[in-house]
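Reviewing the structure listed below.
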Amino acid sequence: MKRIKLNNTIVLILSVCIILNLTACGEAKVPDTQVSEETEDLVVVGFSQVGAESDWRKANTQSMKDTFTRENGYELILSDAQQKQSNQITTIRTFIQREVDYIVLAPVTEDGWDTVLSEAKEANIPVIVVDRQVNVSDDSLFDCWVGSNFRLEGEKVGEWLHRYFVQNEIDEAGVNIVNIKGTLGASSQIGRSGGLSISARKYNWNLLAEAEGEYTQARAREVMTNLLNKYDNINVVYCENDNEAFGVIEAIESAGLKIGPDIADGQIMIVSFDGVSEQAIELAKEGKISCIGECNPLHGPRVRKIIESLEKGVRPEKFEYVDESIYSSIDSIREIQVDEKAYPITILK
Ligand code: GYE
């Protein structure tokens with residue numbers, strides 16, 4: 001229905017241009033996709049993606065590309081914001097101008113979305129938020145959200161650490177932990193940092209320092225090098241994603257220090273999140289990353305289901321949380337509990 005309306009609008013604009021012979025109209029970008037016969041039956045999805053900062057992100061983009069194909073009945077307009085919210089705002093405005101059928105937004109940070117999402121609402125374009133959340137004054141500015149429970153991920157890794165310390169008779173007051181945070185203000189950063197501070201308070205760990213690693217290997221290597229110069233007693237590094245862990249490993253090894261879970265024997269233990277790339281899983285098998293809180297990036301089919309239900313006029317759940325596991329090659333911990341719920345550990349071999 002909407003696409004018919006759209007094409008009528010385009011026909012109308014083009015006719016007016018021809019009639020008035022307005023050269024300025026030539027500058028308006030009417031994408032080929034909307035006028036070509038072929039695209040007429042396709043559902044047009046505009047996806048504003050954060051960037052390509054991590055393996056998780058690349059897998060997430062791929063999942064969307066694999067799902068929203070022409071064969072499946074979609075035209076995907078993918079836009080990479082290069083980690084900048086201002087780029088996402090511009091992109092969403094372009095999507096509105098192009099009258100896409102759905103806007104899918106993976107927001108860089110939580111705040112700052114009210115204005116542009118109000119514009120999408122006024123244009124009657126449904127907005128599906130994926131991965132990180134938006135913090136808006138009015139929940140009707142987006143249709144629904146699908147992603148992970150980041151605080152729970154953090155608490156799960158925190159409980160795993162606690163179990164490990166208890167099992168190995170490590171005095172938790174001697175745990176000196178540093179947090180390499182993800183992009184500040186992103187839900188995944190807020191949740192995972194929040195999970196860590198809950199555990200640190202509960203178990204009396206010393207949270208030595210927090211630094212922003214921006215979810216990238218290069219930045220994490222840099223901040224970890226600085227932290228190692230400043231502190232000589234770090235024994236646990238909490239990385240808010242695996243790519244940061246890769247950078248942290250490089251920094252620790254270049255400083256001539258040892259990585260592993262045996263902190264009583266002077267090793268530095270690393271934990272992280274995602275578990276998407278083979279490299280991360282391999283490092284966990286080797287014991288260089290002691291524990292990974294899984295974060296599932298395969299949101300393409302989930303977003304498709306949401307769109308299919310909206311197409312049928314059925315309201316999807318407002319918030320849909322994905323189930324996730326924990327990975328470790330340390331096989332003495334088989335399960336942890338958070339809020340009285342048990343979570344099994346996937347043991348890597
Ligand atoms: O963990 C990280 C990525 O928001 C869940 O962003 C996402 C995080 C993911 O860059 O690798």
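Every number for a ligand or one of its atoms is a count from 1 in the order of the listing.
Below 30°, between 30° and 60°, or above 60°: for Trp205 and Phe165 the angle between ring planes is above 60°, a perpendicular geometry.
The shortest non-hydrogen separation linking Gln279 to Phe246 is OE1-CE1, 3.4 Å. Of all heavy-atom pairs between Val146 and Arg302, the closest is CG2-CD, 3.9 Å.
Regarding atom 10 (O) of ligand 1, its nearest protein heavy-atom neighbour is Glu53 OE2, 2.4 Å. When only non-hydrogen protein atoms are considered, atom 5 (C) of ligand 1 lies nearest to Asp131 OD1, 3.2 Å.
Sorted by first and then second residue, the side-chain hydrogen bond (donor to acceptor under 3.5 Å, both in side chains) pairs involving residues 222-233 (not counting sequence neighbours) are Arg219-Glu222.
Of all the atoms in ligand 1, the ones that sit under 4.0 Å from a non-hydrogen atom of Phe150 are 5 (C). In summary, the atoms of ligand 1 found under 4.0 Å from a heavy atom of Ser54, numbered by their order in the structure, are 2 (C), 3 (C), 10 (O), 11 (O). In the vicinity of Arg132, heavy-atom distances shorter than 4.0 Å reach the ligand 1 atoms 3 (C), 4 (O), 6 (O), 8 (C), 10 (O). Atoms of ligand 1 lying under 4.0 Å from any heavy atom of Asn241, numbered from 1 in the order shown and given with element: 2 (C), 11 (O). Every atom of ligand 1 with a heavy atom of Cys295 under 4.0 Å away is listed here by number and element: 5 (C).
Not a single N or O atom of Trp56, backbone or side chain, sits closer than 3.5 Å to an N or O atom of ligand 1. Between Glu240 and ligand 1, no pair of N/O atoms sits closer than 3.5 Å. Checked against a 3.5 angstrom limit, the closest N/O atoms of Asp274 and ligand 1 fall inside it.
In the hydrophobic clustering of ILVMFWY residues, with side-chain heavy atoms under 4.5 Å counting as a link, Val43 and Phe68 come out together.
With a 4.0 Å heavy-atom cut-off, ligand 1 is reached by no atom of Phe273. Residue contacts with ligand 1 for Arg192 involve side-chain atoms from C-beta outward but no N, CA, C or O (heavy atoms, distance under 4.0 Å).
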Start with the C-alpha gap between Glu53 and Asn243, add the side-chain angles, then the distance that decides, and say whether side-chain hydrogen bond (donor to acceptor under 3.5 Å, both in side chains) holds. CA-CA 9 Å; Glu53 74 284 1; Asn243 293 80; over 6 Å; no
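A cation-pi arrangement is not found for Lys181 relative to Tyr238, the charged atom failing to lie both closer than 6.0 Å to the ring centre and inside a 45° cone about the ring normal.
For the pair Arg132/Val108, a side-chain contact is recorded, criterion being any heavy-atom separation below 4.5 Å from C-beta on.
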